[in-house]
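Input: a single structure, listed below in structure tokens.
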Amino acid sequence: MHQISLETDIMGANEEAAAHNRESFDRAGVAVVNFMSAPGAGKTSLLEKTIEALKGEMRIGVIEGDLMTTIDADRIAALGVPAHQITTGSVCHLDAKMVHNSLHNLDIKGLDLLIIENVGNLVCPAEFNLGEDLRVMVYSTVEGAEKPKKYPVMFHMTDAVVLNKIDLLPYSGVSFEELHDNVRDVNPDAPLFPVSCRTGEGIDEWIAWFRTRIGEIRRKADAAAA
Ligand SMILES: Nc1nc2c(ncn2[C@@H]2O[C@H](COP(=O)(O)OP(=O)(O)OP(=O)(O)O)[C@@H](O)[C@H]2O)c(=O)[nH]1
Ligand SMILES: [Mg+2]
């Protein structure tokens with residue numbers, strides 16, 4: 001009984017903080033994207049490819065979530081993009097309050113796009129609304145084809161699935177059709193982009209879709225602010 005009310009309190013407080021973030025993002029006129037995946041699926045690699053493709057067109061900032069180290073933030077900063085690291089210690093996801101606190105370290109008014117890389121974890125990040133506009137999930141071919149069945153929440157709640165590491169398909173013993181069909185069983189609608197951040201295959205298709213979605217979000221925000 002106590003567990004249930006505690007969980008309700010935590011999620012209620014998070015929703016409040018997420019709404020607060022949403023107001024800050026709207027005021028700043030910035031589109032916000034939450035990247036989620038299991039550890040090592042390729043979030044930072046996809047971010048690097050995305051930043052390289054889009055940094056000439058829009059002002060991008062990044063919030064990195066990790067238990068320890070600034071390794072990912074350093075990788076992003078090396079691309080000349082402002083990056084702020086949230087180190088969560090033992091917490092296995094970002095929550096809206098952590099993102100709120102990090103906004104003191106990042107000038108979002110000067111940004112068109114803010115990308116938040118969540119902590120690598122296939123479960124908890126999906127439960128915590130950060131106030132974002134768009135959710136992108138990275139699923140890699142080496143994780144096994146059954147993951148959408150076993151961890152359906154993140155697959156269900158995402159706006160797009162990037163199926164990374166397709167260069168490793170010949171070695172992983174998993175069929176592309178099985179990966180694809182299992183994603184589709186849980187989420188029939190989200191666009192699915194087979195890519196390799198290593199070889200660059202499929203990246204152009206991903207970038208084209210992402211660019212269009214960010215444009216739509218920003219136009220909608222501008223219209224609401226007018
Ligand atoms: N072969 C291959 N390796 C990849 C690909 N994408 C990423 N990697 C490698 O996979 C490892 C993890 O990639 P990251 O981008 O750091 O993954 P991540 O999801 O950001 O990891 P965490 O932040 O620790 O959860 C690195 O060694 C990458 O070089 C790919 O498409 N093919
Ligand atoms: Mg990373």
Side-chain angles (χ1 to χ4, degrees), residues 32-55 60-79 81 83 85-86 88 92-94 113-126 130 132 134-148 150-151 153-176 178-180 182-183 186-187 190-211 213-214:
V32 181
V33 185
N34 183 1
F35 271 37
M36 296 180 287
S37 82
K43 296 178 296 301
T44 311
S45 302
L46 184 68
L47 249 167
E48 288 170 328
K49 292 282 181 204
T50 305
I51 289 168
E52 280 163 11
L54 297 179
K55 72 176 179 183
I60 305 173
V62 174
I63 293 175
E64 284 288 347
D66 268 310
L67 264 61
M68 297 279 164
T69 84
T70 60
I71 291 172
D72 285 358
D74 294 344
R75 283 169 66 182
I76 299 304
L79 300 173
V81 159
Q85 181 84 42
I86 301 175
T88 63
C92 60
H93 59 270
L94 292 179
L113 170 63
L114 173 65
I115 303 179
I116 302 170
E117 179 181 337
N118 219 307
V119 179
N121 179 338
L122 210 42
V123 184
C124 310
L130 305 178
E132 70 271 32
L134 194 71
R135 287 180 162 202
V136 173
M137 186 191 170
V138 184
Y139 175 33
S140 68
T141 60
V142 289
E143 289 169 53
E146 73 289 350
K147 290 300 174 288
K150 292 180 69 177
Y151 305 94
V153 178
M154 191 177 288
F155 286 91
H156 181 66
M157 294 180 76
T158 191
D159 296 298
V161 178
V162 177
L163 183 60
N164 189 33
K165 308 195 188 184
I166 55 170
D167 57 298
L168 296 179
L169 272 172
Y171 315 103
S172 65
V174 177
S175 83
F176 175 79
E178 200 182 347
L179 288 158
H180 177 276
N182 286 345
V183 172
V186 178
N187 191 330
L192 193 152
F193 299 95
V195 308
S196 168
C197 289
R198 181 64 54 85
T199 67
E201 193 179 349
I203 293 293
D204 287 350
E205 288 80 359
W206 150 252
I207 294 294
W209 179 86
F210 189 64
R211 177 191 284 118
R213 282 300 287 125
I214 296 306

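Of all heavy-atom pairs spanning S37 and K43, the tightest one is OG-NZ, 2.9 Å. Summarising the geometry of H93 relative to C124, their closest heavy-atom pair is ND1-CB, 3.6 Å, with the distance given to 0.1 Å. Residues A41 and S140 come closest through the heavy atom pair O-CB, 3.6 Å. Closest non-hydrogen pair, G144 versus Y139, comes out as O-OH, 2.5 Å. The two atoms that bring T44 and E117 nearest to each other are OG1-OE1, 2.6 Å, heavy atoms only. Residue A77 comes nearest to A83 through the heavy atom pair N-CB, 4.2 Å, listed as atom of the first residue, atom of the second, then distance.
Considering only heavy atoms from C-beta on, T69 stays 4.5 Å or farther from D74 through its side chain. A heavy-atom distance below 4.5 Å is found between the side chains of M137 and L122. Contact annotation: the side chain of R75 approaches that of D72 to within less than 4.5 Å [non-hydrogen atoms, C-beta and beyond]. The shortest side-chain heavy-atom distance between F155 and K147 falls under the 4.5 Å cut-off. Counting heavy atoms from C-beta outward, T141 and L163 have side chains that approach closer than 4.5 Å. Using a 4.5 Å cut-off on side-chain heavy atoms (C-beta onward), I115 and I76 make no contact. Between D66 and I71 the shortest side-chain heavy-atom distance does not fall below 4.5 Å.
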Legend entry - side-chain contact (heavy atoms from CB on, under 4.5 Å) assessment of I214 paired with V33: CA-CA 9 Å; I214 296 306; V33 185; 3.7 Å; yes
Legend entry - Criterion side-chain contact (heavy atoms from CB on, under 4.5 Å) on V195 and K49, from CA distance to verdict: CA-CA 11 Å; V195 308; K49 292 282 181 204; over 6 Å; no
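Remark: side-chain polar atoms of T70 are not paired, donor with acceptor, to backbone N or O of A73 under 3.5 angstrom.
N34 contributes atom CG, which lies 4.5 Å from atom CG of L130 (distance to the nearest 0.5 angstrom). Between the CG atom of N182 and the CD atom of E146 there is a distance of 8.0 Å, given to the nearest 0.5 Å. Rounding to the nearest 0.5 Å gives a distance of 6.5 Å between CG of L179 and CG of L169.
Not a single salt bridge (Lys or Arg N to Asp or Glu O under 4.0 Å) links D159 to another residue, sequence neighbours left out. Taking T88 as the reference, L67, I86, V91, L94, M98, V119 meet the side-chain contact (heavy atoms from CB on, under 4.5 Å) condition, with sequence neighbours excluded.
Remark: of the listed residues V162, N118, L46, L46 is the sole one forming a side-chain contact (heavy atoms from CB on, under 4.5 Å) with F35.
Within a 6.0 Å radius of CG in L168, other residues, nucleotides and ligands contribute more than 12 heavy atoms.
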Only pairs under 3.5 Å count here: list side-chain donor-acceptor contacts from residues 199-210, not counting sequence neighbours, and write none if there are none.
| residue | atom | partner | partner atom | Å |
| --- | --- | --- | --- | --- |
| T199 | OG1 | S196 | OG | 3.3 |
| T199 | OG1 | E201 | N | 3.2 |
| W206 | NE1 | T50 | OG1 | 3.0 |

